[in-house]
Amino acid sequence: MGKTIKVDVEQIRSYRLYVHNLDKKNSISEMLSVSGTCGIQNSPPGAWETSMFNRIENCTLSILYNALYEQKNLLQAWSYRGAPVVFPTAQSDIFLSSLIAQEGEQPWIYTRGITLALEFLQMSFEELLPLVKNALKYLDTHTISSKESLDNVLADIISDNLPKEKQNLWNFPSMYGHPDKQTVGGAVVSFLLRPCSFLGLVVFGQRDGISPTFTSFKNWTGHEIMHLPNAEKELVKKYLHCYGPTTLTAFQNWLGCSPKQAKRLWDNVIDEMEQVSVNGKIRYMLSMDIDCLIHSKTNDRQILLLGAHDPYLELKDRPTILPDPALHKIVWKTVGNPGAVLKDGRIVGIWKAKTIKDKLDIIITLFEEIQQSEKQTMSDRAEEYTLFRKLNLRKVIIES
């Protein structure tokens with residue numbers, strides 16, 4: 001690493017708008033490149049569509065669905081943080097296989113809750129994971145509609161292969177709040193589906209009405225995951241490219257993995273990083289991105305309505321885009337995040353949409369005073385979004 005470079009938050013915001021493809025809209029031909037920048041979370045369902053709408057010119061739902069369900073150039077699977085993420089199918093090795101933990105690198109953030117079930121069953125994580133992997137062979141020839149059905153079908157397959165004394169415990173009502181719908185075995189399956197996803201054993205298929213469907217990578221695409229050279233390095237570089245200047249701890253939180261796994265992955269790219277000083281604190285950046293960071297400038301695309309869990313909002317240094325910590329709990333909730341109103345890369349408010357049959361109300365709540373012309377831009381953005389959703393805009397309410 002060379003000398004430490006000082007940068008300010010304005011430069012960081014401008015840089016991130018650019019690398020997150022939010023400084024301008026891209027052509028439809030760049031859809032795979034845009035979605036592969038760092039993947040696009042699809043939780044709540046439809047979030048990825050809103051993210052692509054903000055990045056692709058003349059984007060339509062039919063274009064997105066064709067790429068995901070017909071051409072299958074895009075794929076949805078549980079990826080980092082155990083979240084459903086949409087990414088280019090050709091990059092599955094980066095967004096799935098690279099997340100496979102080595103021995104001693106568990107637990108992940110999304111499997112920690114399994115402890116209650118393990119204690120009840122008197123079985124270990126290491127005993128149960130192979131059972132779930134084996135049961136998932138069922139998806140090589142089947143597609144299952146709904147997550148609840150997926151858990152139950154796989155739990156039944158596993159139950160048949162358990163000793164009698166374990167079957168009763170396995171089929172006991174769940175201790176996780178759904179005793180009438182879920183067994184202890186179903187809960188175990190639910191926790192372990194995420195690491196199984198990294199192996200390509202389960203991916204999302206085409207939606208069945210309001211329900212997601214599930215099958216295996218091989219059954220969905222017709223082939224196994226192609227293993228790319230340096231896939232683990234590429235995963236880290238994608239993160240650094242999109243969220244730099246950053247830290248190892250922030251990277252770990254973004255992945256949802258253990259400190260040991262994060263450090264192993266991070267060290268693969270250590271020789272390609274530079275130190276950057278942000279408000280007197282050391283952060284890290286890809287060497288190849290330093291010049292872009294230093295010379296980043298905002299453009300005239302000032303106002304954006306980002307959806308909940310947009311990749312731009314998944315940063316861990318939240319004061320960079322929202323300085324007031326008291327407002328963080330309004331934007332980043334445990335569940336039910338609102339959309340974010342962006343001005344020059346800063347969050348200046350939140351927005352929510354309310355659907356009434358084929359009509360849409362959009363309510364914008366601002367954190368600061370803005371010009372009347374900017375409010376008009378917000379209304380225009382709301383109109384564009386409503387058309388994208390194939391709905392009619394009933395009203396836009398802007399309040400402080």
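When reading the values below, keep in mind they use all heavy atoms of this one structure, side chains included, and skip hydrogens, waters and symmetry mates. Because the structure is a prediction, the values reported are computed rather than measured.
Partners of Ser211 according to the side-chain hydrogen bond (donor to acceptor under 3.5 Å, both in side chains) rule, which considers only residues two or more places apart in sequence or in another chain, do not exist here. In terms of the side-chain hydrogen bond (donor to acceptor under 3.5 Å, both in side chains) criterion, residue partners of Asn392 (sequence neighbours excluded) are, by chain and number, Asp358. Not counting sequence neighbours, Asn337 has no partner by the side-chain hydrogen bond (donor to acceptor under 3.5 Å, both in side chains) test. Checked against side chain to side chain contact (heavy atoms under 4.5 Å, CB included), Thr386 has the following partners two or more places apart in sequence or in another chain: Leu360, Ile362, Leu391, Leu393. Partners of Lys233 by salt bridge (Lys or Arg N to Asp or Glu O under 4.0 Å), not counting sequence neighbours, listed by chain and number: Glu272. Under the rule for a side-chain hydrogen bond (donor to acceptor under 3.5 Å, both in side chains), the partners of Glu49 that lie at least two apart in sequence or sit in another chain are Tyr65, Arg389.
Checking side-chain atoms of His20 against main-chain N and O of Cys242 turns up a donor-acceptor pair under 3.5 Å. Between the side chain of Asp361 and the main chain of Lys354, no donor-acceptor pair closer than 3.5 Å is present. Between the side chain of Lys238 and the backbone N or O of Gly36 there is at least one donor-acceptor pair closer than 3.5 Å. Checked by atom type and distance alone, the side chain of Gln252 never pairs as donor or acceptor with a backbone atom of Lys263 at under 3.5 Å.
Contact annotation: the side chain of Leu304 never approaches that of Tyr312 to less than 4.5 Å [non-hydrogen atoms, C-beta and beyond]. Between Leu74 and Met31 the shortest side-chain heavy-atom distance falls below 4.5 Å. Within the 4.5 Å cutoff, the side chain of Leu169 has no heavy atoms near those of the Val184 side chain.
Ring orientation note: the planes of Phe198 and Trp108 are nearly perpendicular, at an angle over 60° on the 30°/60° scale. Between Phe251 and Tyr239, the ring-plane angle classifies as tilted under the 30° and 60° cut-offs.
Taking the six-membered ring for Trp and the full ring otherwise, His142 and Phe214 have centroids separated by 6.0 Å or more.
Residue pairs meeting the salt bridge (charged side-chain N to carboxylate O under 4.0 Å, His left out) criterion with at least one partner in residues 95-119, sequence neighbours excluded, are Glu105-Arg264. Pairs passing the ring-ring contact (aromatic ring centres under 6.0 Å, His included) check and including a residue from residues 335-356, sequence neighbours excluded, read Trp351-Tyr385.
Under a 4.0 Å N-O distance rule, the pair Asp317/Lys281 does not qualify as a salt bridge. The residues Lys181 and Asp151 are annotated as not salt-bridged, no charged nitrogen and carboxylate oxygen being separated by less than 4.0 angstrom.
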All N/O donor-acceptor pairs, side-chain side in residues 199-210, below 3.5 Å, sequence neighbours left out:
| residue | atom | partner | partner atom | Å |
| --- | --- | --- | --- | --- |
| Arg207 | NH2 | Ile210 | O | 2.3 |
| Asp208 | OD2 | Ser145 | OG | 3.1 |

In a table with atom names and distances, give each donor-acceptor pair under 3.5 Å that connects a side chain of residues 365-373 to protein atoms at least two apart or in another chain.
| residue | atom | partner | partner atom | Å |
| --- | --- | --- | --- | --- |
| Thr365 | OG1 | Glu399 | OE2 | 3.2 |
| Glu368 | OE1 | Arg346 | NH1 | 3.1 |
| Glu368 | OE2 | Arg346 | NH2 | 3.2 |

If you look only at distance, which donor and acceptor atoms sit under 3.5 Å apart when one is on a side chain in residues 156-164 and the other is two or more places apart or in another chain?
| residue | atom | partner | partner atom | Å |
| --- | --- | --- | --- | --- |
| Ser159 | OG | Asn171 | ND2 | 3.2 |
| Asn161 | ND2 | Ile157 | O | 2.9 |

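The environment of NZ in Lys166 is crowded: more than 12 heavy-atom neighbours from other residues, nucleotides or ligands sit within 6.0 Å.
Membership of the apolar cluster around Ile397 extends to Ile363, as traced through chained side-chain contacts below 4.5 Å between ILVMFWY residues.
For the residue pair Gln182 and Ser190, the shortest heavy atom distance occurs at NE2-CB, 4.3 Å.
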